[in-house]
Each structure stands twice: as structure tokens, then as C-alpha cells.
Protein chains: 2
Amino acid sequence: MNDTPPSNEDGEARDDRRLDNRTLWEQVRDRIREDILSGELAPGTVLSEVSLARSLGVSRGPIREALGRLASEGLVTITPRRGAIVTELTRDEFIDAYQVREALETLAIRLAVPRLTEADLARLRELHEEMIEHARADRVNAFFAANAGFHELFVTASGNGKLGDMYRLLLDQTGRYLARSLALRGSLDKSIAEHSAILEAVEAGDAEGAAHLLADHIEVPRRVEEETGEHPAVTAPIKTTEGSDR
Amino acid sequence: MNDTPPSNEDGEARDDRRLDNRTLWEQVRDRIREDILSGELAPGTVLSEVSLARSLGVSRGPIREALGRLASEGLVTITPRRGAIVTELTRDEFIDAYQVREALETLAIRLAVPRLTEADLARLRELHEEMIEHARADRVNAFFAANAGFHELFVTASGNGKLGDMYRLLLDQTGRYLARSLALRGSLDKSIAEHSAILEAVEAGDAEGAAHLLADHIEVPRRVEEETGEHPAVTAPIKTTEGSDR
DNA sequence: TGACTGTCAGTTGTCAACAGTTAGCAATTA
DNA sequence: TAATTGCTAACTGTTGACAACTGACAGTCA
């Protein structure tokens, strides 16, 4: 955001030797964001400015600034004069976001395929193998981490910065609901089969084919929901115990 | 967003009879946004907190809050400890955003077609007629306004709130550069021909066909740029003299 | 002349205090 | 008892002041 368009102002990837020149509110924002993404702050948790200020040892100013930016990212919901809570995505909103995310991935793959290096392809195969192993061992979190890396590679390789910004925005919003993702996507095996087909098309340089393989599944979640009309049993996010999905 | 995802917190479309219950910083944000979108504040303009505070008659707090949110929307660029300026999109960034925007429109059309009412179709035909007339009279601004309405209808009718949020975000970022849009898209006539084909597919209920008609043109801008390698003569936004494009 | 250093004005970052609003509870009334 | 009214505590919104930082400029020295 500065933020949303996180390409501005952040300038991640700074020289290690540099001192921490970030402003207070930036550190606060990152701290709270981590806590939300890790599940430590569950959806619906009220974020009081004064208590946050006390616990982090700063005044309310930087807290307000941080909460505002996180609200812009969709991670917290602010109601004027009533405070902020960690955003709760309804099932419909989650599906909406998921749909948009997949549309962006489709674009990413189409743009990325002609630009992929040999190293990129090797990394994709590697991640795919990882996903297979983790699925076999039923390690859902690890599976999703590898899965995220798989998709992130296309987004990065697409060379489209805005696309990356939007994608990561939606990823942060949806990434917390692993259970929902799973329920929507079907089994891990099904996901792997899809990735196999995609990887095949990518290796053949068939950008359109790869894109269609993804795009064809965009309507699936909504169709599933309309047919079942049921909400998944698990609506709370699964706490990730290992590295972030990003 | 609370904003980014502008679906939260804003609650636009409030009852007319209600008093203005919005907070100060929200009013400031909207005011500055209007000035940016209208071209009154040109890209690159420095936005000093103190001078803004003086001219709007409030303290620096609400100004900071507003600038932060606008930064999240991508309309202003904040550099820590150095201040804020109206975001300048480079040609590449503009093309990136344009590409993403078209991808979102593609999704929107695919989702919207099966949900369109007879009234929606009538409105689409109406807008299409308007575009033809305005193009004939060389009224570029009016053309773009009708064009925006045409696309907005699909986005709204898609029923996907997140899609709308992301779309409008990108629209605000790119909408200021009418000259660039024109240079990228080709003549108005070409655009009308595209819309005719799309409208035809939509009326036939052919969602995939309509979506492909849009999607096929996604790579065009980048190809054009790579071939010419030239930057358009006009990089500054054209000041719109009539209603906003939204 | 050229590079370096110290100073300075202007700016943003942070803080603490005040004012206004909200939600909830207790007291009152029918 | 149920509904309404009036209070209260806690919170957010806004303000003004202070501290810290930045970039530019003038002065100094080789």
C-alpha cells in the first residue's frame, strides 16, 4: 500500500545489513498480519486499539494506521466508531474470492508459460513431487505450502506486477481457510491430477491448454455449493503449524 | 481495503434522509479521490499533509488516514518520511493493470451471462447504441463513460462482490489515462466492433463465446508494445469534463 | 575547483489528551 | 413483566505538540 498495490512503498527484499528503517506502523501492520494469517488471531476477534497499543508498547497512532492498512487488504473489518475485528469471510464471499483468484491464476499461467526458464520448469517438477509426497503422507499443511509455491511461481514469472499484487491480496484473504479450500477443491488426489495435466501442458509450451485446464474449473465451486446448499462443517481456519503458505 | 476490499466499511448508498454520519477522514478520502480521478490532481503532484490539512480545514490526522487508504487503492504513492504523491503509472504498469482488468472482465462476463435479466439486456443495447453515437460524433469522453457502463453492468450482474471490488480498484488506477487506453485499444470503431460481437454472443446466451471474444485480446496490448517499443506521445491524463467514468 | 561537513527549514512519525459516540445496564413507568 | 428512558463506562475520532528524519544549501578545507 502502499499497500494494496503492495508494489509501492514497501520495498521488501532490502539489504540485510541495513538497519530497520521501517516506521512503527509498518512493523505493527506486519506483526498483526502474521498473527492473522497464522490463525493466532481468529476471524471475529475484536482488535481494540488501546489493548493492542498496550500489548505492543506503542501509542494508538501507529495501531490505527496499521489497522487501516490491514482493512484495505481485507484482513480486518472496521466499523466506524465501533472498532475493528478480524475479517470473517462468509462462505459466499470465500467462494467469490476463490473464483477471482483462479481467474488471476489463469492469466498468470498464460503469460508465464512463454517466459519460463529451464530452472523454473525444474522447480515446478520439484514442487509437484513434493505435493505428491505430502498428499501421500496426508500432510495437508505441507501440501498447501507446496501448492502455493507452485502457483506463486507462475504469478511471479508472469512478469505482471499488478497481477501479483492482486493475487497475493486474495491469497491472504482466502489462505486462512484451508478446510474450505479442501472442501471446495475436492480431494488432494484430484488436485494433484489437475496439476499433473497442467504441468504437462506447461512443459509442452501449451499456454492456452494450461490456462483452459485451470479455467474450466472456475465454475465448479459455485456449482457444488448450489447443488449441496450445505455449509462445510469446519468454518474456522486450520491453524498452520509450519511455514506460511506464501 | 477496508477499502481495498471496498465492500467493507464503506456502506455507500445510504438512506438520503440520514445525516452525514461519515467520519472526517472518509470525507477527506473521497474528496481527494475525486480530485485525482477528475485529473485536477495530476500524477506526480505532491500531497503535503500540512497544506492539505490547511486547505481542507482539518488536522493532519484525518489527512494521514485518507492518504493511507488512497495509497492502498493505488491512487497515491507514499514514501516513508518523505511524503505522498499522486501515483504515476509507467507505461508498463499501466499495461499490467489493463491486462488484469480485462481478465477480470472476462470472468465477469462468463458469470453474468446466465444471470442477465431482460432489463439488463435492454440496458446493454442502449449503452451500445450510445457508444456508436458518441464515436460517430468523436465524443471520446462520453464514449468512455458509456463503455464503462457497459462493462460495469457485467461486473455487477456477475454477483461476485470481490470481483467488483478488484475491478473497480483497477478501474480507478487505469481510468485516468484515457489517451493510453485509446492508444492501446485502437480506434473507437474497432472497440465498437468488438462490443457488437460480444453483445451478439451475450444475447445468444453464449457465455463462453463472449468470454473468449474478450480474452483473445488480452495479449494484444503487450504485443503492440513489444513491436513498437514506443511510448505514446500523451502520457498525462485527459481531463474529463463530464460525468465520472464510474 | 571539488568534495566533504555542518546546519537549517520543512516535513513526516509519534504521542498524549480531549471530545464525541456507542452499547449496555439500571432505573423508571405503564 | 415488558418497554422505555436515562445514565455510565469504554471506546474511537480528532486535535495539537513534540521528536526525528530528510534534503538542500552554505561554508570549509585541501
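The basis for the numbers below is simple: all heavy atoms, side chains too, and nothing from hydrogens, waters or symmetry mates.
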Carboxylate-amine/guanidinium proximity below 4.0 Å for B/E26 and B/R69: no
Residues B/R22, B/D30: salt bridge by 4.0 Å N-O rule: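 Between B/D30 and B/R22 there is a salt bridge, with a charged N closer than 4.0 Å to a carboxylate O.
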In whole angstrom, what separates [X]'s [atom1] from [N]'s [atom2]?
X     : N      : atom1 : atom2 : value
A/E65 : C/dC15 : CD    : C1'   : 13 Å
B/E26 : D/dT12 : CD    : P     : 15 Å
A/R64 : D/dT14 : CZ    : P     : 7 Å
A/Q27 : C/dG13 : CD    : C1'   : 12 Å
A/E49 : C/dC15 : CD    : C1'   : 14 Å

From B/R64 atom CZ to A/R64 atom CZ, the distance as rounded to the nearest 0.5 Å: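 So the gap between those two atoms works out to 11.5 Å.
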Sugar-phosphate, base or nothing in reach of B/G61, heavy atoms under 4.0 Å: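 The answer is base, as B/G61 lies within the cut-off (heavy atoms under 4.0 Å) of a base atom.
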Distance-minimising heavy-atom pair for A/I63 and A/L56: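 Here A/I63 and A/L56 meet closest at CD1-CD1, 4.1 Å.
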Minimum heavy-atom distance between B/I78 and B/A71, given as atom pair plus value: CD1-CB, 3.7 Å
Aromatic plane relationship, B/F94 with B/Y98 - under 30° parallel, 30 to 60° tilted, over 60° perpendicular: tilted
Give each protein N/O atom lying under 3.5 Å from an N/O atom of nucleotides 18-24 of chain D, with the pair distance.
residue: D/dG23; atom: OP1; partner: B/R82; partner atom: NE; Å: 2.4
residue: D/dG23; atom: OP1; partner: B/R82; partner atom: NH1; Å: 3.2
residue: D/dG23; atom: OP1; partner: B/R82; partner atom: NH2; Å: 3.4

Candidate list A/R123, A/R101, A/R168, test salt bridge (Lys or Arg N to Asp or Glu O under 4.0 Å), partner A/E152, passing option: A/R168
Polar side chain donor-acceptor pair, B/Q173 to A/K162, under 3.5 angstrom: yes
Sub-4.0 Å heavy-atom contacts from residues 50-58 of chain B onto DNA chain D, ordered by number: B/V58
